[in-house]
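A, B, ... follow the sequence lines: proteins, then strands. Residue 1 opens every chain. Source: prediction; values computed, not measured.
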Protein chains: 2
Amino acid sequence: MTSSESGSRVLSARQQTAAPGAAAGNKRDAGAGAALGAAARLRVAVPSVADRVAAELRLQLAEGLLLPGARLTESTIAEDLGVSRNTVREAFAELAAERLVVRHPNRGVFVASLEPGDIHDVYAVRRAIEVSAIRGGGSPERVAAVRAAVEEGKAAAAADDEEGLGNANQHFHGAIVALAGSRRLDTIMAQVLAEMRLFFHKATLDAHFYRGWLADNEEICAALEAGDPGRAGDLLLAYLDRSEERQSAVHAE
Amino acid sequence: MTSSESGSRVLSARQQTAAPGAAAGNKRDAGAGAALGAAARLRVAVPSVADRVAAELRLQLAEGLLLPGARLTESTIAEDLGVSRNTVREAFAELAAERLVVRHPNRGVFVASLEPGDIHDVYAVRRAIEVSAIRGGGSPERVAAVRAAVEEGKAAAAADDEEGLGNANQHFHGAIVALAGSRRLDTIMAQVLAEMRLFFHKATLDAHFYRGWLADNEEICAALEAGDPGRAGDLLLAYLDRSEERQSAVHAE
DNA sequence: AAGTTCAGATTGTTCAACGATCCTTCAATC
DNA sequence: GATTGAAGGATCGTTGAACAATCTGAACTT
């Protein structure tokens, strides 16, 4: 079946950016070492097929359609998505670099599954990055982004939207890292959050714990707004310690 | 190109940099559908061809044979190394995930080159990770590893070995991050160090600056051994600030 | 000299194939 | 009956070739 019409047309739209008049007169990069702007690269960023495959798999991983330990067969995914095996393979390389899947030579790729030390490991990264970012303070608009995430969480709580609560919490911590204004820290944090989303997807925590998050976030944000990043950092550190303990307990059962 | 002789034996058994992940004693995979043997992970893994290609390129990048901005043509490398284009492509994906090369759609891959904000960005990551790790103290044997790196630097200084000095300094900072005992932090640090090695390879700093490093490292290590990680963290932070300033100045010219 | 067209080169993607490796099944042996 | 060992099948790793899409550079026109 050469996928005349495959049931799941996941890769549908070919997003062709026409880029009308915006083609700026870029200069020649004149050999090696020229700072050919990545800015220009960001404008015409057309995601390759492999990138779209990776994005699709990432989505399925985040939504819990693919559980940890599940096997991903190259040929199956290639057929399902209507792309070639080589392309799927490239997407796998991308996901493996993000630790979302692991490759077993000659056996295949599997959705990453949590090992005993991983919880502490992930929290070690979060402690390092988040606390460092929050202690540096941040511009008013970035603090405002943190505030926005807090309010998003409150709204989700009022609406009893459990998924919205989880998202809001991730936005909150993402906004904290964004305080530092570092692209690299942002991507590291995004990867860690993706890992956590994968691992703890169905680790349904009770509502009581969610309320705890909300109060913590509010207090941290308040300290930040009050111009006391040191205190905000201490609060955040305490929160992360508690959160790790909680997750360890939930996962140890 | 730099390869004068184009023998297909280029892929020799070089140093393999893969982190095998020595986590043992895992119990059962909670809720996973497929049985995922941990024993398979402990098996001696022969690096794939793509991994060897990536390792070879990484080596050439670290040694400065490939300068930032240089273009890497798929077909050329495939021929030089005696592998197929697809394999080279997979190696590129690996290196791109490590930020050592950048892909320009339909134009090719280029050795990553430093942009204005990148220096601050890299140092933001280092500040977060290194300071967090050193503030947590560390087991005696890990502190001993830091000490060993300090002594390695002294020995290189005594021998006027400039390259050895640089290596020792990287070992020193790597050992500091290793204090935290986190696999993820270690790999992040390794990537950052690889980036710096790439960017600042020919930024030959004068001997005076090297001496400054040595004194700093000694002082930081001493504070650590004296059981005062807080002070060690402050010293390290000050050092990183100075180092960033220095690198910015060198690169701004 | 400036703008347009066109051919060449390189990438992106697909396809088909082969050997290598692993898992499973099943028979043979002790 | 349990362990060993040999097919059998499935999947991966890698290759080589092919084609379309895109970019580059130079010739050509105005």
Side-chain angles (χ1 to χ4, degrees), chain A residues 1-4 6 11 14-19 23-32 34 36 40-41 43-54 56 70-96 101-110, chain B residues 1 8 11 18 33-54 56 70-96 101-110:
Chain A
M1 59 185 80
T2 54
S3 77
S4 52
S6 58
L11 295 178
R14 172 116 187 183
Q15 180 177 334
Q16 195 78 278
T17 60
N26 54 358
K27 306 196 63 169
R28 294 261 23 83
D29 64 344
L36 174 57
R41 200 56 39 209
R43 306 185 75 141
V44 293
V46 174
S48 81
V49 176
D51 287 336
R52 276 178 288 161
V53 170
E56 172 61 28
R71 180 173 185 187
L72 301 178
T73 309
E74 288 183 357
S75 48
T76 306
I77 294 181
E79 266 185 38
D80 281 358
L81 271 59
V83 299
S84 89
R85 250 182 71 201
N86 283 355
T87 303
V88 173
R89 180 167 265 272
E90 246 185 277
F92 280 168
E94 218 171 291
L95 297 176
V101 303
V102 291
R103 287 186 109 135
H104 289 212
N106 285 314
R107 293 193 19 132
V109 312
F110 300 80
Chain B
M1 277 305 162
S8 52
L11 285 185
L36 171 62
R41 207 165 309 157
L42 300 177
R43 167 179 49 69
V44 274
V46 47
S48 81
V49 176
D51 287 336
R52 273 178 290 163
V53 171
E56 172 64 27
R71 180 175 186 184
L72 302 178
T73 309
E74 290 183 357
S75 48
T76 309
I77 294 181
E79 258 183 54
D80 281 357
L81 271 58
V83 298
S84 93
R85 251 183 70 203
N86 283 339
T87 302
V88 173
R89 182 166 266 271
E90 246 186 280
F92 281 169
E94 215 171 295
L95 297 176
V101 304
V102 290
R103 286 187 109 130
H104 291 205
N106 284 313
R107 294 198 25 172
V109 313
F110 300 80

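In terms of heavy-atom proximity, B/Ala50 sits nearest to B/Ala91 at O-CB, 3.6 Å. Residues B/Ile77 and B/Phe92 share a closest heavy-atom pair of CD1-CZ, 3.8 Å.
The distance from atom CD1 of B/Ile77 to atom P of C/dT11 is 9 Å, rounded to the nearest whole Å. Computed from coordinates, the A/Asn106 CG to C/dC23 P distance equals 10 Å when rounded to whole Å. Between the CZ atom of A/Arg103 and the P atom of C/dC22 there is a distance of 16 Å, rounded to whole Å. In this structure, A/Asn86 atom CG and C/dG12 atom P are separated by 14 Å, rounded to whole Å. Following rounding to the nearest Å, A/Leu81 (CG) and C/dT14 (C1') show an atom-to-atom distance of 15 Å. One can place CD of B/Glu74 at 13 Å from P of D/dT15, the figure rounded to the nearest angstrom. Residue A/Leu72 contributes atom CG, which lies 13 Å from atom P of D/dG13 at whole-angstrom precision. Atom CZ of A/Arg71 is separated from atom C1' of D/dC12 by 9 Å (rounded to the nearest Å).
Set against D/dG13, C/dC15, C/dT11, the side chain of A/Ser84 has C/dC15 as its closest nucleotide. The side chain of A/Arg107 lies closest to C/dC22 when the candidates are C/dT13, C/dC22, D/dG13. The nucleotide whose nearest atom lies closest to any side-chain atom of A/Val49 is, among D/dC12, D/dT15, C/dT13, C/dT13. Comparing D/dT15, D/dC12, C/dG12 by their closest approach to the side chain of B/Arg85 singles out C/dG12.
Contact between the side-chain N/O atoms of A/Thr87 and the OP1/OP2 oxygens of C/dT14 is found at a separation under 4.0 Å.
A/Thr76 OG1 to A/Arg85 CZ: the interatomic distance, rounded to the nearest 0.5 Å, is 10.5 Å.
Using a 4.0 Å cut-off between charged nitrogen and carboxylate oxygen, B/Glu90 and A/Arg103 count as a salt-bridge pair.
Nearest-nucleotide mapping onto DNA chain C: of A/Val88 and B/Phe92, the residue sitting toward the 5' end is B/Phe92.
For the pair B/Leu81 and B/Val88, the minimum side-chain heavy-atom distance is 4.5 Å or more.
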